[in-house]
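Report on one structure; see the data block that follows.
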Protein chains: 2
Amino acid sequence: MQPRQRRKVPEGELCAVCSDRATGYHYGTPSCNGCKTFFRRTIVSGHTFVCQYQGNCDVNKNVRCACRHCRFNKCLAVGMDARAIQNDRDRIGPTKKFRMDKRNSSGDEDQLSVTSSSPQRSGGEDKIIEQLAAVESLCNNLRTCILPESKNVKETLSSPCLLYQISQLESDPATAFQHLHPAAMQDIKAWNIKELRLCLEWVKTFDEFTKLSESDQMALVRNFAFTFNILNRVYYSADYGPDKIVYPSGAYILRQPQEQVKIPGCRLIYHRQMDEIMVPFRKLEVSVQEFAAFKAILLFNPDAGELSPEVKNEVAAERTKYLTALYYLITSKYGVHNGVQKYGQLLMMAPSIQNIIDQNDENMQVMEVFGHIWRIDSFVKELCMR
Amino acid sequence: MQPRQRRKVPEGELCAVCSDRATGYHYGTPSCNGCKTFFRRTIVSGHTFVCQYQGNCDVNKNVRCACRHCRFNKCLAVGMDARAIQNDRDRIGPTKKFRMDKRNSSGDEDQLSVTSSSPQRSGGEDKIIEQLAAVESLCNNLRTCILPESKNVKETLSSPCLLYQISQLESDPATAFQHLHPAAMQDIKAWNIKELRLCLEWVKTFDEFTKLSESDQMALVRNFAFTFNILNRVYYSADYGPDKIVYPSGAYILRQPQEQVKIPGCRLIYHRQMDEIMVPFRKLEVSVQEFAAFKAILLFNPDAGELSPEVKNEVAAERTKYLTALYYLITSKYGVHNGVQKYGQLLMMAPSIQNIIDQNDENMQVMEVFGHIWRIDSFVKELCMR
DNA sequence: GTCAAACGGTCAAAGGTCCT
DNA sequence: TAGGACCTTTGACCGTTTGA
């Protein structure tokens, strides 16, 4: 880069070679992009051209490609300086912009709407949120019902969704609140089964889920079921402070009694559910809609083990759909600046949740070893063991 | 401009990098305008370059643009000091003289030029990102150095940060690219140690980190160190397709050979690092700045085990700070609609990463049992065991 | 107050990328 | 394949800041 003469922009200047619009001084001569590139390539490649005619071909914008010999000659004639050509440079990365994002149903427009402080652009997000909220409500009703026996997970997944048949189910007195009392292992076990059962009904409300093959459905559910269980447990726990997880029945898990459990590693698991999930949910004042969207995001996990590679992209697209919906839900309520913080904080609860689930899986395996003491229901095992 | 060396004017002095005519002392080294600007831009942008050859390219006036990796390395080798770069100067205003053309009758002072100089509504985010990028750059260089022995983690954390003493360290020939070859256990082990060592230097660049008590620092580091290791491993892996993780030395981990490993559970761990971290990073086209911010977010984990409750809020605030910076970084580049998607997708990689780390910890423990076969370095153990 | 060294910013003009 | 619109990178030149 040795600028011939500093300063000076040609205004309406023409290419000295072909009379196209000049884009600047290139190699010492006002020239267009084409002639500039042609000159460099010719020099660098060392090509020599032969004129098919008499060596005096016309060179202008329309016919400049007709004779490369005469074009190159004219380049030299008008003063293009080969000494201005440099040595090869290092490669630069891709210059192409938008590569991310699947095909967008809505045309692409706003690129500079960054400055507008109100998001405003919910294209279908409202509807998604509405649907999630409706299902959440049904699911909370179903929790109070007696659910039919189910042999195994696969059969349950292929049965009609119970959420739309609640009126035909009897209510379960064991789920109704009576009085606060410490949860026995029986309580915890019963609620685990109930919640995992609800999970199966909940996932069936997603069209994109039911479209998946049986094995892919299993992959997502196995990955997600215990998360669903824990999240519902703490989110719907009545607020008796940060030290109690309370089931709808009034059974509660207190922070201390875990000391009684002698199995190593089990001690902290309820503490962590309180500290890292229940308390943050309350502090962030997560709404039911936000909570539902968050669960949907966690369900559609493209990295779920055993998920077939062909559907990874679809699952990722679903996740993105709910991520976007959650973003607009939050920012339309809190504004962009505050909303973005809540959105980020909520999403960043996911790694802790994952870690808690991972630890819990270990515990489940430990418990299996101690199976003669703590009976693990086979239904639970099927969903949670890896 | 603190380092006002009482130097004489360089007379006929040559650029220490490329031997062009030096225009003065820049960043502590006699250098030409080009190398001066190149160095600043590289540090500020956080760009990292990969040598297309063997990492020992010649750098002189004629070919200085041929390999940016080797040019930058030489900048550092001859002593250019990144600390002399002034992050975010006090608003210097447009260098260009005011366009006092016409339109003067309105009588408005240039009061709006303050806001127009910064494109997005970022309050300090730019500076945060710049700092992260600069550190990332230094860290990449430190990776190629021989690091002094360190007895244990605590001592290392309380020592001065090596990132600002790179010029005093010898380069490590073992880290230079030579040729592609399958990684032996020795390679993996050596890189684990180096990367964990780098992690300790990296975290010390965060003021808010060094302000924490020793035990809180340990809590964050133990939680984060292996994440740092894995993320750097895959992010800085040269792109030889989705089936190879390539270390800077050229040692690579291939998708298949894990079958040789007979320890149960170990098989999938490298597959998952490729599928769930390396490939998504590439697909999302994560920039170095985004990558650095992502790591900062993961470092400041308020749920890190053993973190004292008093500092949870501070740590959470730090996390939010980097979340916000990342959000504005991404949306200012991609626009809100596309940016939000990328932001969400990036954050939602965190649970998978957490899960991979959790699995890996198990493996480390398994490996400890098989310690007579696979020696685990005590330094690694100290950081990764729970 | 003066002035030169050494910061950062600017933008014309280099080269690289990628679609046609 | 070659062409050229469009992109990134480079560096000579310029204004600003700072300390002797």
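Below, chain A is the first sequence line, B the second, and so on; all start at residue 1. Hydrogens, waters and symmetry mates are skipped; everything else that's a heavy atom, side chains included, is used.
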* Considering heavy-atom distances to DNA chain D, does B/Thr37 or A/Cys35 have its closest nucleotide positioned more toward the 5' end? -> A/Cys35

* Considering only side-chain heavy atoms of A/His26, which listed nucleotide, D/dA2, C/dA13, C/dG16, is closest? -> C/dA13

* To do: May I ask you to decide whether B/Asp20 forms a salt bridge with B/Arg64, counting only side-chain N to carboxylate O separations under 4.0 Å?
  => yes

* Tell me: CG of B/Asp81 to C1' of C/dA6, nearest whole Å? -> 14 Å

* Could you give all pairs that pass the salt bridge (charged side-chain N to carboxylate O under 4.0 Å, His left out) test and reach residues 68-84 of chain B, with sequence neighbours left out? -> A/Asp90-B/Arg68, B/Asp81-B/Arg83

* **Nearest listed nucleotide, side chain of A/Asn33, among D/dT10, C/dA14, D/dC6** => D/dC6

* If only side-chain N and O atoms of B/Tyr25 are considered, is one of them under 4.0 Å from the OP1 or OP2 phosphate oxygen of C/dA4? -> no

* **Salt bridge flag under 4.0 Å for residues B/Lys295 and B/Glu136** => yes

* Gap between atoms CZ and P, on A/Phe72 and D/dA2 respectively (whole Å) -> 15 Å

* **Length of the CD1-P vector between B/Ile85 and C/dC7, whole Å** => 9 Å

* Carboxylate-amine/guanidinium contact B/Lys211 B/Glu208, below 4.0 Å -> no

* Rounded distance (nearest 0.5 Å) linking atom CE of B/Met274 with atom CD1 of B/Ile245 -> 4.0 Å

* What is the distance, rounded to the nearest whole Å, between atom CD of A/Gln86 and atom P of C/dA13? -> 13 Å

* Structure fact -> When rounded to whole Å, the CZ to C1' distance for the pair A/Arg83 and C/dA13 reads 17 Å

* Nearest whole angstrom, please: distance from the P of D/dA2 to the CZ of A/Arg71. => 13 Å

Listed pairs under 3.5 Å, donor-acceptor, residues 45-52 of chain A side chains, sequence neighbours left out:
from: A/Ser45; atom 1: OG; to: A/Arg41; atom 2: O; distance (Å): 2.8
from: A/Ser45; atom 1: OG; to: A/Thr42; atom 2: O; distance (Å): 3.4
from: A/Ser45; atom 1: OG; to: A/His47; atom 2: N; distance (Å): 3.3
from: A/Ser45; atom 1: OG; to: A/His47; atom 2: ND1; distance (Å): 3.2

* To do: Could you tell me whether B/Cys65 contacts a base, only the sugar-phosphate backbone, or nothing, with contacts defined as non-hydrogen atoms closer than 4.0 Å?
  => sugar-phosphate

* In terms of side-chain heavy atoms of B/Arg64, which of C/dG9, D/dG11, D/dG3 is nearest? -> D/dG11

* Asked: Just by distance, with hydrogens left out, do A/His337 and B/Tyr328 show a side-chain donor and acceptor under 3.5 Å apart?
  -> yes

* **Listed nucleotide nearest any side-chain atom of B/Tyr27, set D/dT9, D/dA12, C/dG8** => C/dG8

* **Interatomic distance, B/Glu285 CD vs C/dT17 P [rounded to whole Å]** => 15 Å

* Got a sec, which residues hit side chain to side chain contact (heavy atoms under 4.5 Å, CB included) with B/Ile330, two or more places apart in sequence or on another chain? -> B/Glu290, B/Leu326, B/Tyr334, B/Lys342, B/Tyr343, B/Leu346

* To do: Using atom CD1 of A/Ile92 as one end and atom C1' of C/dG16 as the other, report the distance to the nearest whole Å.
  => 4 Å

* Asked: For DNA chain C, what dot-bracket results from Watson-Crick or G-U pairs at under 3.5 Å, with [ ] for crossers and | for inter-strand partners?
  -> .|||||||||||||||||||

* Which pairs count as ring-ring contact (aromatic ring centres under 6.0 Å, His included) when at least one residue sits in residues 275-297 of chain B, sequence neighbours excluded? -> B/Tyr235-B/Phe281, B/Tyr235-B/Phe291, B/Tyr236-B/Phe291, B/Phe281-B/Phe291

* Looking at B/Tyr252 versus B/Tyr240, is the centre-to-centre ring distance below 6.0 Å? -> no

* Can you sort out which residues in residues 38-61 of chain A have a heavy atom within less than 4.0 Å of DNA chain C? Ascending by number, please. => A/Arg40, A/Arg41

* Asked: If you take atom types as modelled and just measure distance, does the side chain of A/Lys36 reach the base of D/dG3 with a donor-acceptor pair under 3.5 Å?
  -> no

